[in-house]
2 protein chains.
Amino acid sequence: MATLKQVAAHAEVSVQTVSNALNAPHRLRADTLKRVNRSIELLNYRPNRNARSLRTSAVELIGYCVPSWPNQTHLVMDQFLHALCAAAERTGRHILLFTAPGGVDGMPTYDDLHARRMVDGFVLSQTETHDPRHGWLKEQDIPFVSFGRVWKQTTQPGAWVDVDGAAGSAMAVRHLYASGRRRIAFLGWPKSSGLGEDRVGGWRDACKDLGLPIAGLAVRCREDSIEEGARATARLLDGGRTVDGIVALSDILALGALRELTRRGLAPGHDVGVTGFDDSPLAEVVSPGLTSLRQPMDQIAEELITILTGAANGSPVERLLQPELVIRGSSAPG
Amino acid sequence: MATLKQVAAHAEVSVQTVSNALNAPHRLRADTLKRVNRSIELLNYRPNRNARSLRTSAVELIGYCVPSWPNQTHLVMDQFLHALCAAAERTGRHILLFTAPGGVDGMPTYDDLHARRMVDGFVLSQTETHDPRHGWLKEQDIPFVSFGRVWKQTTQPGAWVDVDGAAGSAMAVRHLYASGRRRIAFLGWPKSSGLGEDRVGGWRDACKDLGLPIAGLAVRCREDSIEEGARATARLLDGGRTVDGIVALSDILALGALRELTRRGLAPGHDVGVTGFDDSPLAEVVSPGLTSLRQPMDQIAEELITILTGAANGSPVERLLQPELVIRGSSAPG
DNA sequence: CGGATTGTTTTTAACGTTCAAAACGTCCGT
DNA sequence: ACGGACGTTTTGAACGTTAAAAACAATCCG
């Protein structure tokens, strides 16, 4: 494997000149640059990243903790990872995966990776309501950016990128309204979830705006499962008054709604419009397709990397992005 | 950030002694070791991985190319990644993610990562029928191990770990047989797929063993989609003779079967037993649950890392693991 | 023509670690 | 008391790169 020294000898210049040819080509005379580049090509030289990192103390690696348990964003994790990876590579960086215990117990792992100079910083996801990681990392001066806001705190430590859940719910409500639905319910989670509060809030506000009823139309599911979604839907339908639209907080809950509707002989899309959240692979796989709110993964990843690598340079480090409504059969005009 | 030098000064020994305390503690006198360790702890010293890697030319990083397009194993990618990551960490290593074009076009990316000393080797997945990567990497002497066999080649370049698809299909057939099914069909893919041939072969052999018919019971779907699975099932059911069991090559195809059965008023599990492959998240989410063949992810990951890191040490570098049949409602005794 | 200015290249010295060899002790047998 | 053997610690050099400063060369200005 060729080294700078060998290239230098071949091109009959000093090592530093070869280094400059790669990192600051404008400093070289045109003909020298050409000669050096020819030697580089000829010897098939590739800079040793470890040596470079040792000298510059920047490893160009970004840590990402792979979540261990399924939950709401789990189904789109591969999309996210691919986008993140691609965005990192556009800046010459890469993603280093690791596992860590949840919450504050995982912090030593983060600290260790940083202290050993294995990563420059972290991208956090699976942000939780009182996520202790943000404050801890900020405290230690370890660079990071969060995908997802830490809810219920006035000022969140550190930078973040998130998708506007309230706006998403509102989009879903207005979409159902446009196809004639007038009693639109919401399938949510327990109050403790900040993400849940964000999304239910969007539903509530949009309904109020449009003059739609909300009383008795918000149901809280105990967990994010098909079963719970179905049960909650049953409760709604047994309530006596009709429901012609359901905005679910997740694709999983929406699937439960679809199942319960079908079981009762109601046609999703025709009799009741249903929407989900996150546009997971499930959404286009069920029958009829599930209308859902897609997170703009590429944009999210791009922003995360831009902010983390400091390229943001003055522009805000808190970015709220808009989801996109992907319309499928489950919300076909009734 | 503390360095070896600082620790050495603090413990009043040479740098090399501190290095030995970490890498070869048996060489130190007990009291020296204790003193050095106290200093390490006190200064919260962590070895700089870049410096170590530069010296030893081993980065303890394993490259994994994140697949860009959905396909059969896509739905369990996060399970795989988590297992791989955990297995790597058990040996002090980590996973570096990257993206690359498919097939031979991606090879420069692999080469580059290796030449720049950013990874020690690679784990390949999404192995394809005439996958050119294995031969190429072998040629370049770049360490790698493959999750999945390169099909239709007598001897595959390099080491691999795979799951026995034929055995899986056979398990499914015997399971359905045990609950009284006697006409068991197979939903497969076009002949070009080696993985498909493996799985259909297992079905065929098991049926022959049990004295079950196979003629006209193997259907090839054009692609891996719900729609195709449903269509193929329809073709089977329209064939005149009854079918009381369906072994599908993938969970997706199995879902299609479930849909078509339900559409015709047949109860999956009761009237026709259905099984899928890979035990994706979909399997436990549909109603009734889909019986499926789980890939032993933790074991797969463990083997991959063991082989790649050379810890295998004489033991075979070709490991065929057995899937596990996860029984759910779709194959409830008829 | 001397001095300043700018542009290009080289020299020197790190970055933090480990390897290999050398040095230092201590103990042993004779 | 001496050479050898062993166990422990230190010394010197190297891994491949880049930052900073120094050296050199060409150009410009009055």
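Keep in mind that this is a model prediction, so the values were computed, not measured. Heavy atoms only: backbone and side chains are in, while hydrogens, waters and symmetry mates are out. Residue numbers begin at 1 in each chain, while the letters A, B, ... track the order of the sequences.
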- Using only heavy-atom distances, determine whether the side chains of Ser146(B) and Thr127(B) contain a donor-acceptor pair under 3.5 Å. yes
- Item | Residue pairs, two or more places apart or on separate chains, that pass salt bridge (charged side-chain N to carboxylate O under 4.0 Å, His left out) and touch residues 113-126 of chain B | Asp112(B)-Arg116(B)
- Item | Test salt bridge (Lys or Arg N to Asp or Glu O under 4.0 Å) applied to Arg38(B) - qualifying residues, sequence neighbours left out | none
- Query: Between which nucleotides of DNA chain D, read 5' to 3', does contact with chain A run, using atoms under 4.0 Å from its heavy atoms?
  - Reply: dG16(D) to dA20(D)
- Query: Rounded to the nearest 0.5 Å, how far apart are OH of Tyr64(B) and CZ of Phe80(B)?
  - Reply: 5.0 Å
- Message: To the nearest 10°, give me the bend of the helix from dC1(C)-dG30(D) to dT30(C)-dA1(D), comparing the axes of its five terminal pairs at either end.
- Response: 50°
- Message: For Arg294(B), give me all partners under salt bridge (Lys or Arg N to Asp or Glu O under 4.0 Å), at least two apart in sequence or on another chain.
- Response: Glu324(B)
- Residues two or more places apart in sequence or in another chain: which of them pass salt bridge (Lys or Arg N to Asp or Glu O under 4.0 Å) with Asp78(B)? none
- Not counting sequence neighbours, which residues clear ring-ring contact (aromatic ring centres under 6.0 Å, His included) with Tyr45(A)? List them please. none
- State which residues pass side-chain contact (heavy atoms from CB on, under 4.5 Å) with Asn23(A); sequence neighbours excluded, sorted by chain then number. Ser19(A), Arg52(A)
- Task: Treat primed atoms plus P, OP1 and OP2 as sugar-phosphate and everything else as base, then score nucleotides 10-19 of chain C 5' to 3': B for base contact with protein heavy atoms under 4.0 Å, S for sugar-phosphate contact only, - for none.
- Result: BB-BBBBBBB
- How about Thr99(B) and His82(A): does a side-chain donor come under 3.5 Å of a side-chain acceptor? no
- Mind checking salt bridge (Lys or Arg N to Asp or Glu O under 4.0 Å) for Glu12(A) and listing every partner two or more places apart, or none if nothing turns up? none
- Task: Taking atom types as modelled, find out whether Glu41(B) and Asn37(B) have a side-chain donor-acceptor pair closer than 3.5 angstrom.
- Result: no
- Message: Any residue in residues 29-39 of chain B with a heavy atom nearer than 4.0 angstrom to DNA chain D? Just list them by number, or reply none.
- Response: Arg29(B), Thr32(B)
- Going by the ring-ring contact (aromatic ring centres under 6.0 Å, His included) test, which pairs reach into residues 101-123 of chain B, not counting sequence neighbours? Phe98(B)-Tyr110(B), Phe98(B)-Phe122(B), Tyr110(B)-Phe122(B)
